[in-house]
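Everything below concerns the one structure shown next.
This one's a predicted model, so the numbers in the text were calculated from it and none came from an experiment.
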Amino acid sequence: MRARTTALGCALAIAVSSTVFASPAAAAPAPPVNRCGETGFDPKDYPPEPLSLDSPPQLPPIPDKFVVPVPYPSVELVPVPDPEPDNTRVAAEPLPDPCMDPCPDLTDDDEPVGDATGSARLPFPRIEIDPQPETIPIPIPGPPGAPIDPAPPAVVNPAEPGPVTAPPVTPVVGDVSVVSQVTGPGSLNRTDKRWQVDGTDLGIMWESKPGEVAVAFGDSFGKGWEYGVAGGPDWRSNTLGHSTDTELSDGMTIDSMVQDSRCHAAELLSSRKIKNWETTVIPTSGFALGDRQYMSYMSIRRWSTIPGMWWTNYGGIAYSDDDGSTWTKDPHTRWDNIFGLSKFQVSTMVPQGDYVYMFGTVNGRVGTVGLARVPKAEVLNKTAYQYWVGGTWAPVDSNDATPIADGISSELSVRVVDGLWQMTYLDPIAGNIVLRESNSPQGQWTAPSTLIRTAEYPKTYGGFMHPWSKDGELYFTVSEWDSYNVYLMKAQLH
């Protein structure tokens with residue numbers, strides 16, 4: 001779920017924007033430092049100091065370079081069906097000292113950081129051409145993939161009216177603060193040194209079993225990752241950690257991550273990594289029923305050059321019977337994206353009572369929230385789903401689901417605690433991450449209460465609630481595009 005770069009014209013406009021004299025930038029506090037003395041990233045934007053008559057006027061800084069993307073056609077043969085995933089797993093060695101580097105041979109830099117040429121900076125930006133292949137995928141027969149079980153027998157649950165509940169009192173958000181950096185260099189968990197996760201996003205959490213929380217991340221990059229760039233030579237579409245930390249006021253400790261080799265987090269849900277076919281596979285939520293874990297995900301066909309937009313192939317469900325170590329994508333529980341307009345492409349699933357409820361939007365960040373439910377025993381039977389349609393749980397097409405709340409929303413997170421439903425999401429129009437509450441999944445929902453303003457935390461997205469948040473406190477993770485890493489936030493609720 002990522003933003004995309006701007007065009008050359010926009011960059012030039014910023015660099016040479018009128019001869020406006022800017023006030024000097026505020027002296028922002030030093031970047032955060034973890035307990036091991038390693039420097040992390042500060043996601044907050046600090047306003048400039050007031051203009052002083054004693055301060056000389058300053059022009060905005062000119063960037064070192066402008067990158068001009070140049071697309072070109074590239075044919076790629078795609079063997080089908082998908083190959084079987086590599087489920088090699090390796091247990092992590094105990095870490096006696098949290099500040100030691102368990103694998104310096106794998107994670108330490110072998111080249112100095114900086115300009116290897118030693119040349120002086122030019123007084124004007126250089127222009128770089130960035131050739132970008134526009135892939136034309138052509139399917140060809142490949143080796144047999146994993147065997148596919150037959151689809152479950154069709155089940156049609158009859159339509160059933162559902163009451164709409166009165167909304168609770170709209171929550172008042174008090175102080176909101178950064179608790180800790182969860183991932184990346186300088187983070188509390190030192191994921192770059194322990195699991196070669198230098199840059200990543202999301203941090204979707206659910207209680208995987210009593211006393212344990214699973215934490216799922218999106219596109220993850222290891223050695224060779226550059227600050228502020230979602231890319232690198234060590235690309236995994238998704239990774240998973242586990243936490244037993246119950247004291248969140250000083251940060252969330254990740255105890256372990258699923259590994260495929262020494263000090264290397266594994267990719268859980270494989271992807272073809274072919275643009276215009278399947279670029280990546282991103283988790284969107286998770287939950288547990290007994291000893292089985294479920295994860296909703298989206299298969300992304302391609303990212304858009306328009307920030308906040310992407311196209312999916314489908315939204316699907318995967319399951320794990322070994323506490324999240326290996327996963328199976330169910331081939332029958334998928335919501336295909338017809339003409340790029342289908343609902344439930346980006347979904348969040350929550351078990352409650354006899355049902356699992358599924359909240360979902362279309363692909364991208366411009367959609368409304370639809371709702372479905374399914375009996376717990378039928379999660380992997382798509383025919384058993386009922387959709388909320390104007391006051392009725394109905395066995396209809398998923399696109400018939402009507403919105404449960406007004407406004408545009410994206411990247412949902414939903415939880416229920418003591419009968420109160422909470423939903424957070426990014427409002428791309430207002431540029432805020434907001435919280436709404438309800439006494440039932442179908443609503444009515446309260447008006448949005450702002451948790452995060454992107455004016456204060458630039459290029460922030462996500463907002464995934466920690467399942468162990470207590471009354472009056474809401475812990476949640478956000479991602480920040482500039483540093484491309486995950487942070488734990490805390491909001492006081494009244």
What pairs with E226 under salt bridge (Lys or Arg N to Asp or Glu O under 4.0 Å), at least two apart in sequence or on another chain?
none
Results of salt bridge (Lys or Arg N to Asp or Glu O under 4.0 Å) for D245 - residues two or more places apart only
none
Check whether the side chains of [X] and [Y] place a donor and an acceptor atom closer than 3.5 Å, and report yes or no.
{"X": "N485", "Y": "T183", "value": "yes"}
{"X": "N313", "Y": "S299", "value": "yes"}
{"X": "S296", "Y": "S285", "value": "yes"}
{"X": "N276", "Y": "E134", "value": "yes"}

So, applying side-chain contact (heavy atoms from CB on, under 4.5 Å) with R453, which one of V176, D45, N432 is it?
N432
Is [X] salt-bridged to [Y], cutoff N-O under 4.0 Å?
{"X": "K193", "Y": "D198", "answer": "no"}
{"X": "D82", "Y": "R272", "answer": "yes"}
{"X": "D406", "Y": "R436", "answer": "yes"}

Would you mind reporting whether N238 and V281 have side-chain heavy atoms less than 4.5 Å apart?
yes
Would you mind reporting whether Y461 and T454 have side-chain heavy atoms less than 4.5 Å apart?
no
Say whether, by atom type as modelled, one donor and one acceptor occur between the side chain of S243 and the main chain of T253 under 3.5 angstrom.
yes
Applying side-chain hydrogen bond (donor to acceptor under 3.5 Å, both in side chains), name anything that partners [X], two or more places apart in sequence or on another chain.
{"X": "T348", "answer": "none"}
{"X": "W225", "answer": "none"}
{"X": "W468", "answer": "E207"}

Do any pairs count as a salt bridge (charged side-chain N to carboxylate O under 4.0 Å, His left out) and have a residue in residues 182-192, sequence neighbours left out, and if so which ones?
E38-R190, D101-R190
